[in-house]
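Counting starts at 1 for both ligands and their atoms, in listed order.
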Amino acid sequence: MSGLIIGNLTLSSKFILPAIAGFSDVMMRVLCYEYGAALCHTEMVSAKGLIYGGNRSEDLLLTDEREPIKAVQLFGSEPYFIEKAILDQRLKKFDLIDINMGCPVPKVVKNGDGSALMKDPGKAYDVMKAACDVADSRPVTVKMRAGFYQDNQNAVQICELAEKAGVSAVTIHARVRDQYYSGPINFDLIKEAKKQVGIPVIGNGEVKNLDDALEMFEKTRCDGIAVARAAIGKPHIFAELDEKPYDADIFNLMERHTRGLLAVLPEDIVANNMKRHLVSYLKGIKDAKKYKVMITRSNGIDEIFDILGKAKDELKQ
Ligand SMILES: Cc1cc2nc3c(=O)[nH]c(=O)nc-3n(C[C@H](O)[C@H](O)[C@H](O)COP(=O)(O)O)c2cc1C
């Protein structure tokens with residue numbers, strides 16, 4: 001399958017890793033890129049938090065030279081902070097800026113951020129325009145939902161405003177806010193957006209294998225697909241989707257992911273973050289449940305490595 005063009009960037013395939021808070025860390029992105037992901041995003045970063053020196057912002061902005069394209073996702077609903085964040089020295093290394101208009105979490109929505117921006121198209125436009133005005137030659141993209149409300153699924157309108165503001169591509173997770181991460185995907189809405197705008201439209205929601213991807217392409221005519229949950233613990237999904245041959249040694253991947261993070265983050269943070277990844281990597285191996293419980297209960301990085309070593313030895317027998 002050929003790639004996708006977003007602004008001044010030519011992507012190597014049609015499959016991207018969107019922002020996944022708590023997961024799309026620098027090593028998950030490195031591994032997804034190795035298996036052919038075309039574009040991988042950081043976890044979402046608060047524009048305001050970045051400016052006021054929020055506690056975790058710097059960790060979220062870590063990048064690696066093995067990332068061919070560095071893409072950051074910002075959230076916020078105040079054009080002033082979006083602008084300031086994009087102009088900040090710490091964001092200079094990013095090749096693409098993505099704006100979050102999809103987050104359903106109450107803490108985010110109550111501030112008017114994330115999916116709540118879709119309730120106010122005027123404000124959404126101001127945020128997108130502010131971002132495009134200061135991004136220089138770097139593409140700005142937007143990741144949205146079908147809409148905020150079930151009875152007002154206004155993604156097509158937001159896509160049109162995005163194009164008018166100068167946005168280079170849009171991703172639609174075709175569910176409304178209250179659906180969070182389950183329930184039917186509104187394929188028709190992605191299809192309609194694709195008809196109405198000239199910029200690339202990326203479909204998103206429940207793509208877990210090649211059949212799902214082909215269904216998404218066929219039903220929506222979208223230009224690309226974002227794959228989130230199916231890539232957690234399975235970076236090789238990108239080779240699978242692109243029908244490329246690949247090798248995936250789960251134990252090697254778990255070790256590289258963990259050691260890669262240990263090189264750049266404190267041990268306790270890595271242990272905590274890796275627990276979430278490891279239970280997904282372990283899916284499907286023999287006695288997965290036993291090891292998942294052990295990992296979840298583990299205390300510290302040494303114990304995690306012991307459990308993985310034990311699992312590897314036991315599986316060899
Ligand atoms: C734990 C979790 C965290 C997420 N964090 C973000 C985020 O930071 N920014 C964002 O735009 N979407 C976020 N999403 C939404 C995903 O990017 C994606 O739109 C959604 O999971 C549907 O795609 P999927 O079916 O391929 O998982 C998150 C989803 C999950 C499950």
Side-chain angles (χ1 to χ4, degrees), residues 14-26 28-29 32 37 39-47 49-50 54 56-57 59-61 71-77 96-109 113-118 124 127-128 140-148 155 158 162 167 169-187 189-190 201-213 215-217 220 222 224-235 237-238 240-241 272-273 275-277 279-280 283:
K14 292 182 183 297
F15 299 102
I16 74 168
L17 178 76
I20 319 175
F23 290 95
S24 60
D25 56 52
V26 61
M28 177 171 181
R29 302 195 306 269
C32 288
L39 172 65
C40 300
H41 295 78
T42 63
E43 302 171 55
M44 65 178 193
V45 179
S46 160
L50 190 73
R56 271 207 66 211
S57 298
D59 291 352
L60 301 176
L61 295 176
V72 63
Q73 187 185 63
L74 291 177
F75 76 96
S77 50
L96 180 148
I97 290 121
D98 188 49
I99 306 284
N100 182 320
M101 286 197 202
C103 184
V105 174
K107 195 170 79 179
V108 171
V109 164
D113 302 341
S115 58
L117 261 178
M118 295 187 79
V127 166
M128 296 188 283
V140 172
T141 57
V142 174
K143 181 157 175 290
M144 66 185 80
R145 283 186 170 249
F148 190 84
I158 303 288
V167 163
V170 287
T171 298
I172 307 176
H173 174 201
R175 290 187 172 110
V176 294
R177 186 267 174 150
D178 279 350
Q179 287 179 288
Y180 281 72
Y181 302 108
S182 61
I185 299 292
N186 188 342
F187 290 109
L189 193 121
I190 301 177
V201 174
I202 296 162
N204 172 235
E206 296 305 322
V207 171
K208 303 203 182 308
N209 53 46
L210 182 59
D211 284 346
D212 295 340
E215 182 189 8
M216 174 72 87
F217 280 131
T220 69
C222 62
I225 293 178
V227 178
R229 284 166 296 178
I232 298 173
K234 192 178 175 183
I237 182 126
F238 289 101
E240 215 172 279
L241 292 171
N272 228 359
N273 293 0
K275 280 185 184 183
R276 291 193 296 267
H277 284 286
V279 294
S280 290
K283 250 183 225 161

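Among protein heavy atoms, the minimum distance from atom 5 (N) of ligand 1 is reached at Ala21 N, 2.8 Å. Residue, atom and distance of the protein heavy atom nearest to atom 7 (C) of ligand 1 are Ala19 O, 3.4 Å. Looking at atom 2 (C) of ligand 1, its nearest protein heavy atom turns out to be Ile20 CG2, 3.6 Å.
With a 4.0 Å heavy-atom cut-off, ligand 1 is reached by the side chain of Tyr181 but not by its N, CA, C or O. With a 4.0 Å heavy-atom cut-off, ligand 1 is reached by the side chain of Asn204 but not by its N, CA, C or O. In Met44, the parts holding a heavy atom less than 4.0 Å from any atom of ligand 1 are both the side chain and the backbone. Residue Pro18 touches ligand 1 through its side chain alone, judged by heavy-atom distances below 4.0 Å. Residue contacts with ligand 1, taken as heavy atom pairs separated by less than 4.0 Å, involve Arg229 via backbone and side-chain atoms alike. Of the heavy atoms in Gln73, only side-chain atoms (C-beta onward) come closer than 4.0 Å to ligand 1.
Annotation for ligand 1: atoms under 4.0 Å from non-hydrogen atoms of Glu206 are 24 (P), 25 (O). Near Lys143, meaning under 4.0 Å from any of its heavy atoms, are these atoms of ligand 1: 10 (C), 11 (O), 12 (N), 15 (C), 16 (C), 17 (O), 18 (C), 19 (O).
Residues Met144 and Val170 are in side-chain contact: their nearest non-hydrogen atoms beyond the backbone lie under 4.5 Å apart. At a threshold of 4.5 Å between non-hydrogen side-chain atoms, the residues His41 and Leu17 do not count as touching. Residues Lys143 and Ile202 form no side-chain contact, since every pair of their non-hydrogen atoms from C-beta on lies 4.5 Å or further apart.
Taking any N or O of Glu43, backbone or side chain, none lies under 3.5 Å from an N or O belonging to ligand 1. Residue Asn100 places at least one N or O, backbone or side chain, under 3.5 Å from an N or O of ligand 1. Among the atoms of Ala228, some N or O lies under 3.5 angstrom from an N or O of ligand 1. Residue contacts with ligand 1: Val227 is placed with no nitrogen or oxygen under 3.5 Å of a nitrogen or oxygen of the ligand (distance criterion only).
Closest non-hydrogen pair, Ala231 versus Cys32, comes out as CB-SG, 4.5 Å. Contact record, Tyr180 with Pro106: OH-CD, 3.6 Å, taken as the closest heavy-atom pair. Across all their heavy atoms, Ala146 and Leu189 have their closest contact at CA-CD2, 3.9 Å. The heavy-atom pair separating Ile190 from Asn204 by the smallest distance is CD1-N, 4.3 Å. Minimum heavy-atom separation, Val108 to Met44: CG2-CE, 4.0 Å. Here the shortest heavy-atom pairing between Arg175 and Arg145 reads O-CB, 3.0 Å.
Under a 4.0 Å heavy-atom criterion, Cys103 is not in contact with ligand 1.
Between Tyr181 and His173, the angle of the ring planes stays under 30°, which puts this pair in the parallel group of the 30/60° scheme.
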